[in-house]
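For reference, the structure is listed below as structure tokens.
Because the structure is predicted, anything quoted here is derived from the model rather than measured. We name chains A, B, ... by the order of the sequence lines, and we start the count at 1 in each one.
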Amino acid sequence: MADALMIGFGGLGLLVILIALRMPIAYSMILVGGIGVTILNGPAIFMSQLKTLAYGQFSIYDLSVVPMFVLMGNIATKAGLSRDLFRAANAWLGWLPGGTAISAIAACAGFGSVCGSSLATASTMGQVALPELFRYRYSGALATGTLAAGGVLGILIPPSVVLVIYAVIVEANIVTMFMAALVPGLIAVILFILTILVYVTVNPAAGPKRAPIDRAEFISASVSVLPVLCVFALVIGGIYFGFFNPTPAAAIGVFLVWAYGTVHGGIRWPQLRDALLQTASSTGMIYLILLGAEMLKIFMSRGGVPQAVAEWMAHSGLAPITVLAILLAALIVLGCLMDSLSMILLAIPFFWPVLVEINGGDYVDAATAGFGMTTEDLKVWFGILALIVVELGLITPPVGMNVFVISAMAKNVPMRETFIGVMPFFCAELVRVVILVAFPAITLWLPTLLRS
Amino acid sequence: QDTYTFKLHHMLSEKAPAHQKMLLPWAKQVEENSGGRVKIEVYPSMSLGGKPPELIQQVRDGVVDIIWTVNGYTPGLFPRTEVFELPTVYLNDPRATTLAMYDMFDMLKPEYKGVEVMWLHVHAGQGIQMVDKEVRKPSDFNGLKMRIPSRTGAWVIEALGAAPLATPVPELPQALSKKVVDGALIPWEIIPALKLQDQIQYFIEGANRERLGTTTFQVSMNQDRWSGLPEDIQKAFRDASGRDWWASVGDYWRENDDFGIQIAEKAGRNHVMLTEDETKEMLAVLDPVVDKWIAEVKGAGLDGQALVDQARDLIAKNATE
Amino acid sequence: MNTASVVGASLFTLPFPGDFELTEMGVCVAVFTFLPWCQMQDENVTADIFTSGLSRAWVARLVFLSAVVAFGFTLLMIWRMSVGMLDQRDYGYTTTILQIPHWYAFLPILVSLALLAVAAVLTMLDAARGSAGYHSEAEHPHG
Ligand code: NA
Ligand code: NA
């Protein structure tokens, strides 16, 4: 047993080396998983399992929503939604101090309500909002920082691909997870807006004021955003109120966004083809990581690693809240190296058993549970906290994909400045994590309400 | 002396009653019988990989040594055993039915290719769980949507005049609360895990606890692994999996089911038991399900009628034992 | 199909019991067809921080190495899933409601895997040129 455990931990070391050598994360997991199982139990087991493993993993019903949401987001990026959203947000919020940046955040939130990806949100909104921010002479740091941070709302506001994956790993209900993400997502929007207000109060030159727009533009801009609201209401509302399962809802969303883009003129065959091809490659990438993660999980279980970690943490005598803090901090650190999807797939299979153990098992009563809530609620609460901290990796050095995407668009702003500009938002996110940890009811309120 | 380690793989959580009260005690008994030469590691929650329907393939291939699985996950593979799932064949007695499977095992054995069966069992039967409609006769089902428990369960729902809808178990509470389905055919046993007492108003069964069919399960070992074991180790397994054990597994599923309905009753829900006449009427419309099954297994070269008669006989015999 | 089913199920109470398994099978087959394209687009996520300081030629060598792994794994999968297909056929595994034999789905999957092997070879050739100092067409920096 101890030998198996050593091999298991050795495998994790090899995984880090392979990833550092620029081996795709999916293939790193596949290699380590395959080699590990072969060393532990001989080649026959791994060979037999390969016969149907990929077929089984790729045909998990709950995952079928992933390509749908990816496609919906990809069509949305080309449908002209971002322009309308930004225009409407500007009409409503543009008059505030730092108003153009605040509008960008609001528009990112709107875009996030039809798009499940952070990078797509950052890049699409960046194309629309960055030129405006520079036109109004916003500082490079604030302009790029706002969009890099705003992009994160793509994942934090449902629909969210990472959240679907989390739900599949811990066997949570996707609908419940989407419900739980909504209020924390709105809190993120509010905190980001407050951050900008504080920022321009301290440094008024960074976000110059702008004249309010006229009534006609206000009305026309507000009307132009109605289609987005309708799509969100139908897709996410339809899921919340149980009219549709997530997969058909997402299929309807794809159709609506496509219809909008066609009528609106943004989508013709070349754009549609690009969206489909992009969806194909992103979906292939996501599923290959899923397969790798499954192979790694098999190896780790056979080596007894998750069991040992859970056992060790549970008997460490640490308070539940300390363990939670350690796990969240570990995710933030991992976020400096990895994308959020790989991280969720890699870390959650280790972290979740620890939390279940500390909470007191699957069927524990809230009154006697370590975290003071049932394990079902813990699943939801931890999922949202994990989602927030893995997304922090998108805006922290050294990798910070959102920062890369935005600074590639704003050629005149050095990347260092973007990282500096994003720091206040990073702090706002930490504040949000603290709020959500202190008051689990914020996360659990909507799922509980809609369940009854 | 050689020691033998076995990996037992299944889909439920390690806190699930079936893991704690059925699989672990059995594993412990085998270990004791072997004088410590056998070690059975039980892996819950599909932690050795794959989806639940792959379990049977995993044990046949030797990816794992032992599995606990639902026969219905791989439809068509266990047609003979399926007879025990049929409504009006399975009525209300998991112990008698599990023992009938034991007594009839020679007839069932041909379909367990590549595995050595440790034991088979059923759960306490599909109860009618309704969100807010009390159904007492077949016509009450008209226009309702019901969640399918299994292949033959879909036939039951159709025979009752309701529309069958496939809903994965984890989605069920949501589907019930939003009335995507009006009800479900599942045992009471599932109530605590899914907190169905929050969604379901009526838990309905027959006058003598009759249910509308059941589900069959197996615990099996890889055939080669089994054949390669020395006799004394085989005996350790055999002794832990004898007729008494099958009987107590049946009792265990009854107890667990009773626990579920107690939870619902405590929450103030209605545990409805139909009258004798209502029960008769309900079961009468399900006869065609049995006929349909007999016609279908004929295609696989099986004498369905003989299996039905034999199963009914043995269940009745074991019920009075 | 899916849209039709849910609209049917919720509005007109005309359910479509096999929709789950059709969706599962359809998505599975589709995802396999995406894999070659994903490989060609160099879409598989990598962590580039440790290697960002390396020369182009060295990065190309690492890309070559990962393409070799992709190629090897794909060959292994073609072999194992062919055996898997025969198993599925011989044991008669089918879907639950519609009773569609699972092995049907393996045929298009094997074709996709063959294309993935070709894609991996193309990546290898491209990376080999890159490591020898030629400009690499397939270079899509991630970030
Ligand atoms: Na989103
Ligand atoms: Na980062």
Any chance you could measure Gln41(C), atom CD, to Ser281(A), atom OG, to the nearest 0.5 Å?
5.5 Å
Return the option, out of Ser282(A), Ala26(A), Ser48(A), Ser342(A), with the maximum number of heavy-atom pairs under 4.5 Å with chain C.
Ser282(A)
Is Met23(A) close to Thr46(C) at the side-chain level, that is, under 4.5 Å between some pair of heavy atoms?
no
Any idea which of Leu76(C), Val83(C), Val31(C), Leu35(C) has the most non-hydrogen atom pairs under 4.5 angstrom with chain A?
Val31(C)
Under 4.5 Å from any heavy atom of chain A, what part of Met81(C) do you find: side chain, backbone, both or neither?
both
Taking every heavy-atom pair that is under 4.5 Å apart, which of Thr33(C), Leu65(C), Val63(C), Asp87(C) has the most such pairs with chain A?
Asp87(C)
Between chain C and each of Gln57(A), Met285(A), Lys51(A), Met47(A), count heavy-atom pairs under 4.5 Å; write down the option with the most.
Lys51(A)
Indicate yes or no: at least one non-hydrogen side-chain atom of Tyr27(A) is less than 4.5 angstrom from one of Ser66(C).
no
For the student: nearest non-hydrogen atoms of Val27(C) and Pro67(A), plus distance:
CG1-CG, 4.3 Å
Given Val403(A), Leu277(A), Leu288(A), the one with more heavy-atom pairs under 4.5 angstrom with chain C than any other is Leu277(A)
Against chain C, label Ile30(A) side chain, backbone, both or neither, depending on which of its atoms sit under 4.5 Å from a heavy atom there.
side chain
What is the distance from atom CZ of Arg61(C) to atom CZ of Arg22(A), rounded to the nearest 0.5 Å?
14.0 Å
For chain C, the option from Ala280(A), Ser28(A), Gly284(A) that forms the most heavy-atom pairs under 4.5 Å:
Ala280(A)
Would you mind checking which part of Leu276(A) comes under 4.5 Å of any heavy atom in chain C, side chain (CB onward), backbone (N, CA, C, O), both or neither?
neither
Using non-hydrogen atoms and a 4.5 Å limit, figure out which bit of Leu21(A) sits close to chain C: side chain, backbone, both or neither.
both
Rounded to the nearest 0.5 Å, the CZ atom of Phe34(C) sits from the CD1 atom of Ile286(A) at a distance of 11.0 Å
Between CG on residue Leu18(A) and CG on residue Leu62(C), distance to nearest 0.5 Å:
11.0 Å
Take Trp37(C) and Thr283(A) through the side chain to side chain contact (heavy atoms under 4.5 Å, CB included) test and state the conclusion after the steps.
CA-CA 10 Å; Trp37(C) 176 246; Thr283(A) 305; over 6 Å; no
Hey, could you give me the CG/CD1 distance between Asn44(C) and Ile289(A), rounded to the nearest 0.5 Å?
7.5 Å
Met85(C) vs Tyr55(A), test: side chain to side chain contact (heavy atoms under 4.5 Å, CB included). Steps then yes/no.
CA-CA 10 Å; Met85(C) 179 178 76; Tyr55(A) 181 72; over 6 Å; no
Chain C interface, residue from Ser59(A), Ser407(A), Ala54(A) that has the most non-hydrogen pairs under 4.5 Å
Ser59(A)
How many angstroms lie between atom OH of Tyr61(A) and atom SG of Cys28(C), to the nearest 0.5 angstrom?
15.0 Å
If you count heavy-atom pairs under 4.5 Å with chain A, which of Gly26(C), Cys38(C), Ala30(C), Gly72(C) comes out on top?
Cys38(C)
Are Ile60(A) and Glu24(C) packed together at the side-chain level, in the sense that at least one heavy-atom pair is separated by less than 4.5 angstrom?
no
